[in-house]
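Down below is the structure, laid out as structure tokens.
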Amino acid sequence: MPEIIEVEYYRRLADERALGRRIAAVEADDEWFLKGGTTATALGAALVGAKLRATRRIGKLMLIDVDDAVVGLRYGMTGRLLVDDVAAIASLEYSSDRDDPAWDRFALRFDDGGRLVLRDPRRLGGVELDPDESKLGIDAWTITTDHLAARLAGSRTSLKARLMDQARIAGLGNLLTDEILWRSGLAPTREAGSLGVEEIARLGEQVRGTVAELAERGGSHTGDLHDERHRGGHCPADGAPLDRATVGGRTTYWCPEHQR
DNA sequence: CCGGATGTTCACCT
DNA sequence: GAGGTGAACATCCG
């Protein structure tokens, strides 16, 4: 589920439904889900009695500003946000019909009885009190071409690995990156620092444009390449059999014909 | 039955 | 220091 687009949907849900509400209790029984030394005790001390003042997002990290603290929410691959049992995305979830409250790993209970819940079957997400926001790079949604150029310059790793490096550019995941590179006509295996000015400009437009377009369509899985992203798949643009390999540690599909 | 999957972190190599 | 690999997390799907 979550890449930058889904996390933005979750942020909007929290923003629309939870802002201004007062926290009466914190449910954080799953110690494994608490990251960066965060403890249930510390969460309780910082959050109980406080009101939700703002929501923010840096890449895939969602942030909730309460009175005197910040709560960082990560969704991993299978996490979702629910507010008062309302989900941000109605259907087409990773686990279509399965939806078990036993997977609630963290929750804020409000004094009006409602709850903000992070439900995550695989426990790949997490919660951190006052996370270090400086560890994340520039948000992909609005990154400028100049910033992109700076983040790629001098790197000898693959273009795909670099685009997914959250410390450099925050928000791009596996599906989105394949879609962006496919639209840009750039091979994921290219050395990140080898792109020319024109190629970087094209890539920058596609990073911003693809994120915006797929956000309108409904999520990271709505890309043009997505349905062909499997063994034996073909390029939707020119029909060539897609290449498949592990690049940047993730299964990657690309068209050897038009991605260079 | 087995392999993979929209993610992150960490240990261990080269 | 930069990169790469594999493990771990737990559940579903083909």
Between the side chain of A:R123 and the main-chain N/O of A:F33, is any donor-acceptor distance below 3.5 Å? no
Below the 4.0 Å mark, does [N] have OP1 or OP2 next to a side-chain nitrogen or oxygen of [X]?
| X | N | value |
| --- | --- | --- |
| A:T78 | B:dG7 | no |
| A:W103 | C:dT11 | yes |
| A:R162 | C:dG3 | yes |
| A:S158 | C:dG3 | no |
| A:R122 | C:dC12 | no |
| A:R231 | B:dG4 | yes |

Nearest heavy-atom approach of A:V211 to A:I5 is O-CD1, 3.6 Å
- Message: Roughly how many Å apart are C:dG6 and B:dG3, using the P atom of each and rounding to a whole number?
- Response: 14 Å
query: Taking atom P in both C:dT5 and B:dG4, what distance in whole Å separates the two?
result: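 Pairwise P distance, C:dT5 against B:dG4, rounds to 15 Å.
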Residue pair A:K135/A:R244 against DNA chain B: nearer the 5' end by closest nucleotide is A:R244
What is the distance, rounded to the nearest whole Å, between atom [atom1] of [X] and atom [atom2] of [N]?
| X | N | atom1 | atom2 | value |
| --- | --- | --- | --- | --- |
| A:L118 | C:dC9 | CG | C1' | 15 Å |
| A:Y75 | C:dC9 | OH | C1' | 19 Å |
| A:L163 | C:dG3 | CG | P | 13 Å |
| A:R80 | C:dT11 | CZ | P | 15 Å |
| A:L159 | C:dA2 | CG | C1' | 17 Å |
| A:R229 | B:dG4 | CZ | P | 14 Å |
| A:F33 | B:dT9 | CZ | P | 13 Å |
| A:I58 | B:dG7 | CD1 | C1' | 17 Å |

Check: Going by the angle between their ring planes, with limits at 30° and 60°, are A:H226 and A:H221 parallel, tilted or perpendicular?
Finding: perpendicular
Given Watson-Crick and G-U pairs under 3.5 Å, DNA chain B in dot-bracket ([ ] crossing, | other strand) is .||||.||||||||
Before accepting this row, confirm whether a basic side-chain N of the pair [X]/[Y] lies closer than 4.0 Å to the acidic partner's carboxylate O.
| X | Y | value |
| --- | --- | --- |
| A:R202 | A:E205 | no |
| A:D67 | A:R53 | yes |
| A:R12 | A:E16 | no |
| A:D15 | A:R57 | no |

Could you check which of [options] has an atom nearest any side-chain atom of [X]?
| X | options | answer |
| --- | --- | --- |
| A:S155 | B:dG7, C:dT11, C:dG3 | C:dG3 |
| A:T157 | C:dG4, B:dA5, B:dT9 | C:dG4 |
| A:A161 | B:dT8, B:dG4, C:dG4 | C:dG4 |

To the closest 0.5 Å, what do you measure between CG (A:L242) and OG1 (A:T252)?
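If we round to the nearest 0.5 Å, A:L242:CG and A:T252:OG1 are 11.5 Å apart.
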When we call it a touch if two heavy atoms are under 4.0 Å apart, what does A:K35 touch: a base, just sugar-phosphate, or nothing? nothing
>> Applying a 4.0 Å non-hydrogen cut-off, can you work out what A:T246 is touching in the nucleic acid: base, sugar-phosphate, or nothing?
In response: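 Contact class for A:T246: none.
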Verdict with reasoning, A:K160 to A:D178, per side chain to side chain contact (heavy atoms under 4.5 Å, CB included): CA-CA 8 Å; A:K160 168 139 182 184; A:D178 276 7; 2.7 Å; yes
### Task
Give the cluster check for A:W141 versus A:I180: same hydrophobic cluster or not, with ILVMFWY residues linked at side-chain heavy-atom distances below 4.5 Å.
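Shared cluster, yes.
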- Task: Can you spot which of A:R229, A:E179, A:E228, A:R244 makes a side chain to side chain donor-acceptor pair (under 3.5 Å) with A:Y253?
- Result: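 Checked A:R229, A:E179, A:E228, A:R244 against A:Y253; only one passes side chain to side chain donor-acceptor pair (under 3.5 Å): A:R244.
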Under a 4.0 Å heavy-atom cutoff, the residues of residues 165-189 of chain A touching DNA chain B are A:Q166, A:G173, A:N174, A:L175
